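Written out below as structure tokens is the structure these notes cover.
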Amino acid sequence: MATAFQISVWRAMELIPRGKVTSYGAIAHYLGTKAVRAVGSAVGKNPYAPEVPCHRVIRGDGKIGNYSGGEGTPTKIKLLTQEGIGIEGDKIVDFQKVFWQFGSEIKL
DNA sequence: TACATGACTATCC
DNA sequence: GGGATAGCCATGT
């Protein structure tokens, strides 16, 4: 069963462009809440796995975080790498450079 | 209804 | 700078 909160999280992830990443905190802020833990739970329960770019959601400190698909975190790293995102170990290389915030798309 | 858990974040040592 | 602890909201049992 999907709650309104989860739907909001999944819809927010669809806004993330390819080659960019965002954090759980950014999504929470976009939704107007501080429930970053709840956001993480919602993303993990995302039924639209490949349809929604849930792999573009990482932790706020630049680390990959976790993943519930394929091989888990390694698969998440692979997907991000294929989109041109540099990853070193379990962290984003140019984190600030590939970081994307909601609303930045209209900033041109 | 109440308790425990989680794809996190911030603070303290 | 790195590791450990507490706080946080929503969900599931």
Side-chain angles (χ1 to χ4, degrees):
Chain A
M1 179 51 187
T3 66
F5 181 80
Q6 290 172 157
I7 301 288
S8 300
V9 174
W10 302 332
R11 286 185 38 152
M13 290 193 296
E14 293 187 86
L15 301 176
I16 306 172
R18 194 179 86 78
K20 293 281 185 176
V21 297
T22 192
S23 67
Y24 298 93
I27 295 177
H29 184 73
Y30 172 70
L31 298 179
T33 180
K34 296 158 296 190
V36 294
R37 300 293 306 278
V39 171
S41 296
V43 176
K45 291 164 189 164
N46 167 37
Y48 308 94
E51 195 173 336
V52 173
C54 47
H55 56 272
R56 292 179 193 151
V57 184
I58 64 174
R59 290 178 46 149
D61 62 338
K63 297 183 76 173
I64 301 301
N66 233 311
Y67 196 63
S68 299
E71 303 294 304
T73 309
T75 298
K76 186 169 181 177
I77 294 174
K78 190 191 299 182
L79 286 169
L80 292 172
T81 303
Q82 288 180 59
E83 298 195 351
I85 297 175
I87 299 179
E88 190 172 310
D90 61 333
K91 292 160 290 190
I92 301 293
V93 179
D94 296 306
F95 180 50
Q96 306 233 23
K97 200 155 85 173
V98 299
F99 191 80
W100 179 89
Q101 313 183 49
F102 295 92
S104 298
E105 52 184 349
I106 62 174
K107 211 174 79 177
L108 203 278

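As the structure is a computational prediction, the values presented were derived from the model and not from experiment. Residue numbers start from 1 in every chain, and the chains themselves are labelled A, B, ... in the order their sequence lines are given, proteins ahead of strands.
- Contacts of A:Ala38 with the nucleic acid, taken as non-hydrogen atoms under 4.0 Å apart, include base atoms.
- For the pair A:Arg37 CZ and C:dC8 P, the interatomic distance rounds to 12 Å; values are reported in whole Å.
- Between A:Ile58 and A:Val39, the one whose closest nucleotide on DNA chain B sits nearer the 5' end is A:Val39.
- Using bins of under 30°, 30° to 60° and over 60° for the plane-to-plane angle, the ring pair A:Phe102/A:Tyr30 lands in the parallel bin.
- Following rounding to the nearest Å, A:Glu71 (CD) and B:dA7 (C1') show an atom-to-atom distance of 16 Å.
- Protein atom NZ of A:Lys45 is 9 Å distant from nucleotide atom P of C:dT13, rounded to whole Å.
- For a distance-only test at 3.5 Å, the side chain of A:Ser41 fails to qualify as a donor-acceptor partner of the base of B:dA7.
- Salt-bridge formation is not detected for the pair A:Lys63/A:Asp61: no Lys NZ or Arg NE/NH1/NH2 atom is positioned less than 4.0 Å from an Asp or Glu carboxylate oxygen.
- Remark: A:Arg56 engages A:Glu83 in a salt bridge, criterion side-chain N to carboxylate O under 4.0 Å.
- For the pair A:Lys34 NZ and C:dA6 C1', the interatomic distance rounds to 16 Å; values are reported in whole Å.
- Each of A:Phe99 and A:Leu79 belongs to its own hydrophobic cluster when Ile, Leu, Val, Met, Phe, Trp and Tyr are linked at side-chain heavy-atom distances under 4.5 angstrom.
- The nearest whole Å value for the distance from the CZ atom in A:Arg59 to the P atom in C:dG2 is 13 Å.
- In this structure, the CG atom of A:Asp61 is 14 Å from the P atom of B:dT11, given to the nearest Å.
- When rounded to the nearest whole Å, the span between CD1 of A:Ile16 and C1' of B:dA7 equals 13 Å.
- When the nucleotides C:dC9, B:dA7, C:dT11 are ranked by their closest atom to the side chain of A:Lys76, B:dA7 comes out on top.
- Here the P atom of nucleotide B:dA7 and the CZ atom of A:Arg56 are 21 Å apart, to the nearest Å.
- Checking A:Val36 against A:Ala4, the closest nucleotide of DNA chain C that is more toward the 5' end is the one next to A:Val36.
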